[in-house]
Colleague: 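The structure's right below; bear with me while I get my questions together.
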Amino acid sequence: MDALLTKTEPVRKSELKISGAEMLLRCLLAESVETIFGYPGGAIMPVYDALYHYPDKLKHILVRHEQGAIHAAQGFARVSGKPGVVFATSGPGATNLITGLADALIDSTPIVCITGQVFAHLLGTDAFQEIDVINTTLPVTKWNVQVTEAKDIAPAIAKAFYIARTGRPGPVLIDITKNAQNETIELGEYKKCENIRTYKPKPTVQPLQITKAAQLINDSKKPYILAGQGVLLSNASKELVAFSEKTGIPVACTLLGLGCFPADHPNYVGFLGMHGNYGPNVLTNECDVLIGIGMRFDDRVTSNVSKYAKQAKVVHIDIDKAEIGKIIPVEAAIHADAREALTALVEQCHKKDHSGWVHKFHGLNKVEKEKVTQKELSSSGKLMMGEVIHHLSELTQGEAVIVTDVGQHQMVTSRYYQYKNPNTNITSGGAGTMGFALPAAIGAKLGTPSVPVIAVIGDGGYQMTMQELGTIMQYKIPVKILVLNNNFLGMVRQWQQLFHNKRYSFTEMENPDFVMVAKSYNIQAQKVVEREDLIPALKEMLNSKTSYFLEVVVGKEDNVFPMIPAGAAVSDMLLEAPTS
């Protein structure tokens, strides 16, 4: 049982009763919330009026669009491990959160959204800015609820935070009617939620599951670990390293798993997926035991499921039972927290030498280096995305927080940036949300002030949420922004080039002067066109104590390779464009 709300703030006799709005804020304080991202409006005005009196305890970041608020909250949550908190008003304020809610749900990000709603007596009357937020957000939230009385605010907040951060994390939403915000209620005791009878977020490790998996691993000749974001969410990076080092098993990471295993470790073999590294994709179809840890076997990893790892016995560790066996048949199912499962497995698995098997991965990655990487890093033509990210990785020693948007630059960054630490790769994975990076970088910087945060964005996605430069300006947030500009919606253009006979249907972009736009928001900015200017510009950006914008002009028709064509097997990965 937690401290009385009355201990959160000094209580005067006149405060023996407070409004529902102030009760909400005191509940947030009791949940150790310090930062809120939001945008005010009529239906949530009582909350903002109460917030006026909490300038020292609750830091509110006024974004320029509600989508910016929820993406910022995602970035904050991903680096800090704490739920991001969002305020929005009714109607369009709430519906502008939908994209971020969907993104957070599929990427397992803990978010608590609080929306204002019209007065309870107006519900169902099509009142001004009334939207059925509960049914609208039901498919894109882990849990949601509408509160129509002040007495129900505290229990709803407690339940929301518990659900958002336990088990497989995700977004929750509380919709509070205006009358509930205005009603007065007696100060009482805030009880944190510690269990819900019908919700069991953390399964108990089953010894028989561990024994069966350990036997498969001990008997294997070519075992292979696929590490996903579940490793990060369970803080299991050290356990994963210990498991790999004891068993000698090579490790590859999914897009969201990047950083959960150090890129400079000898057992690290690369990045999985459609534009991942050559070795880890091709050898998926040669391993005899495939160990998926905290990952979903989604289509970007498996490509054609009918041709995926048919020779392998699969061990799948996941806290979400629904994911186990959903895509790929499983020989040993471990329904458990990744950290607890790895701790149990390492005790039963034998110490083995798989150096020959690991060397085969590195051998194929050497082929990729010769056919792809070296060409991109030694190009004499236009600057290429790969060389920009390669230099960025070297200059930051792989230790910055990198926030990517969605597109070619995202795939190139995932290949060339050598992530050394957990929770430093922030991107939109399952939903693939363009416009994610700039606001997410704002939240990430506020969530980890001592670490450099760099948003790497394409010219298309950048313009979807470019208005959040105003948020950076107002709060003087020292985010670094690196836009790789090819004047195209590059990923779509690549597919149009390779599979649609270069019919570039509505993918070429005429862009504004990005440097002038940044400077109009009082952000230092420069543009790089020539190769000799790149490294000095990157150093100037990284050394800046304030926010900084750097535009790098790259080749208009450069493509991202390797690549798995649609419908192909992971072992059919292309290192260059097919000739036809």
Side-chain angles (χ1 to χ4, degrees), residues 258-259 262-264 271 277 368-370 372-405 407-421 424-427 437-438 441 444-445 450-459 461-462 472 478-488 490 511 513-519 523-561:
L258 289 170
D264 56 358
F271 163 51
N277 295 117
E368 176 188 337
K369 185 175 181 180
E370 292 170 353
V372 180
T373 307
Q374 286 181 351
K375 291 180 181 178
E376 294 189 352
L377 298 185
S378 60
S379 172
S380 58
K382 285 279 189 183
L383 280 164
M384 300 190 74
M385 293 184 185
E387 61 183 307
V388 178
I389 303 304
H390 169 73
H391 290 307
L392 179 67
S393 183
E394 288 198 329
L395 289 170
T396 60
Q397 299 182 320
E399 295 183 341
V401 171
I402 304 297
V403 186
T404 52
D405 213 78
Q408 285 182 314
H409 71 277
Q410 178 191 33
M411 297 295 99
V412 169
T413 303
S414 300
R415 292 184 60 244
Y416 283 92
Y417 197 86
Q418 300 299 298
Y419 296 94
K420 291 183 181 177
N421 301 317
T424 54
N425 164 48
I426 313 301
T427 195
L438 185 61
K445 187 60 184 176
S450 62
V451 181
V453 174
I454 305 155
V456 181
I457 320 177
D459 50 305
Y462 179 57
I472 293 172
V479 168
K480 311 300 166 60
I481 306 158
L482 174 59
V483 168
L484 303 179
N485 183 7
N486 58 11
N487 289 103
F488 263 111
N511 293 322
D513 186 326
F514 288 132
V515 169
M516 286 185 65
V517 172
K519 287 183 175 179
I523 295 172
Q524 293 183 75
Q526 69 168 306
K527 179 177 182 177
V528 168
V529 178
E530 303 299 331
R531 184 165 280 103
E532 59 266 26
D533 298 326
L534 176 61
I535 293 179
L538 286 170
K539 287 180 177 179
E540 184 174 333
M541 177 186 76
L542 294 171
N543 290 332
S544 173
K545 302 298 183 184
T546 63
S547 56
Y548 197 101
F549 174 87
L550 177 61
E551 175 188 0
V552 179
V553 178
V554 295
K556 291 189 69 171
E557 294 186 86
D558 292 339
N559 292 325
V560 184
F561 285 99

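All values below were derived from every heavy atom in this structure, side-chain atoms included, with hydrogens, water molecules and symmetry-related copies excluded.
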Colleague: E387 vs S379, test: side chain to side chain donor-acceptor pair (under 3.5 Å). Steps then yes/no.
Modeller: CA-CA 9 Å; E387 61 183 307; S379 172; 5.0 Å; no
Colleague: Check the pair D264 / Q418 against side chain to side chain donor-acceptor pair (under 3.5 Å), numbers first and verdict last.
Modeller: CA-CA 7 Å; D264 56 358; Q418 300 299 298; over 6 Å; no
Colleague: Any idea which heavy atoms bring L438 and I472 closest together, and the distance?
Modeller: CD1-CD1, 3.9 Å
Colleague: Between S393 and I389 (side chain of the first, backbone of the second, donor and acceptor by atom type, cut-off under 3.5 Å), is there such a pair?
Modeller: no
Colleague: So, the side chain of K539 versus the backbone of L395: is there a donor-acceptor pair under 3.5 Å, distance only?
Modeller: no
Colleague: Taking the side chain as C-beta and beyond, is there a heavy-atom pair between V453 and V403 under 4.5 Å?
Modeller: yes
Colleague: Within this structure, what is the CZ-CD distance for the pair F549 and Q526, rounded to the nearest 0.5 Å?
Modeller: 10.5 Å
Colleague: Using a 4.5 Å cut-off on heavy atoms from C-beta on, say whether the side chain of N485 contacts that of K527.
Modeller: no
Colleague: Between Y417 and T396, is any pair of side-chain heavy atoms under 4.5 Å apart?
Modeller: yes
Colleague: Is there a side-chain contact between P452 and L542 in this structure, where contact means two heavy atoms from C-beta onward sitting under 4.5 Å apart?
Modeller: no
Colleague: Evaluate the ring planes of F514 and Y462, with Trp represented by its six-membered ring, and classify them as parallel (under 30°), tilted (30 to 60°) or perpendicular (over 60°).
Modeller: perpendicular
Colleague: Tell me if a side-chain donor or acceptor on K420 pairs with a main-chain N or O of Q397 at a distance below 3.5 Å.
Modeller: yes
Colleague: Quick one, Y548 and E540 - any side-chain contact, counting heavy atoms below 4.5 Å?
Modeller: yes
Colleague: Using side-chain heavy atoms (C-beta onward) and a distance below 4.5 Å, is T373 in contact with R415?
Modeller: yes
Colleague: From K445 NZ over to S450 OG, what is the distance, rounded to the nearest 0.5 angstrom?
Modeller: 7.0 Å
Colleague: Roughly how far apart are K369 NZ and L377 CG, rounded to 0.5 Å?
Modeller: 8.5 Å
Colleague: With a 3.5 Å distance limit and no angle check, can you tell me whether Q408 reaches the backbone of G458 through a side-chain donor-acceptor pair?
Modeller: no
Colleague: To the nearest 0.5 angstrom, please state how far the CG atom of N511 sits from the CG atom of N487.
Modeller: 5.0 Å
Colleague: Report the distance from atom CD1 of I402 to atom NZ of K480, rounding to the nearest 0.5 Å.
Modeller: 11.0 Å
Colleague: Please report the shortest heavy-atom distance between S547 and I523, naming the atom on each side.
Modeller: OG-CG1, 3.6 Å
Colleague: Looking at side-chain heavy atoms only, is the closest gap between V388 and V412 below 4.5 Å?
Modeller: no
Colleague: Return the CD to CD distance between Q374 and E368, rounded to the nearest 0.5 Å.
Modeller: 11.0 Å
Colleague: So do L392 and T413 actually touch side chain to side chain, heavy atoms under 4.5 Å?
Modeller: no
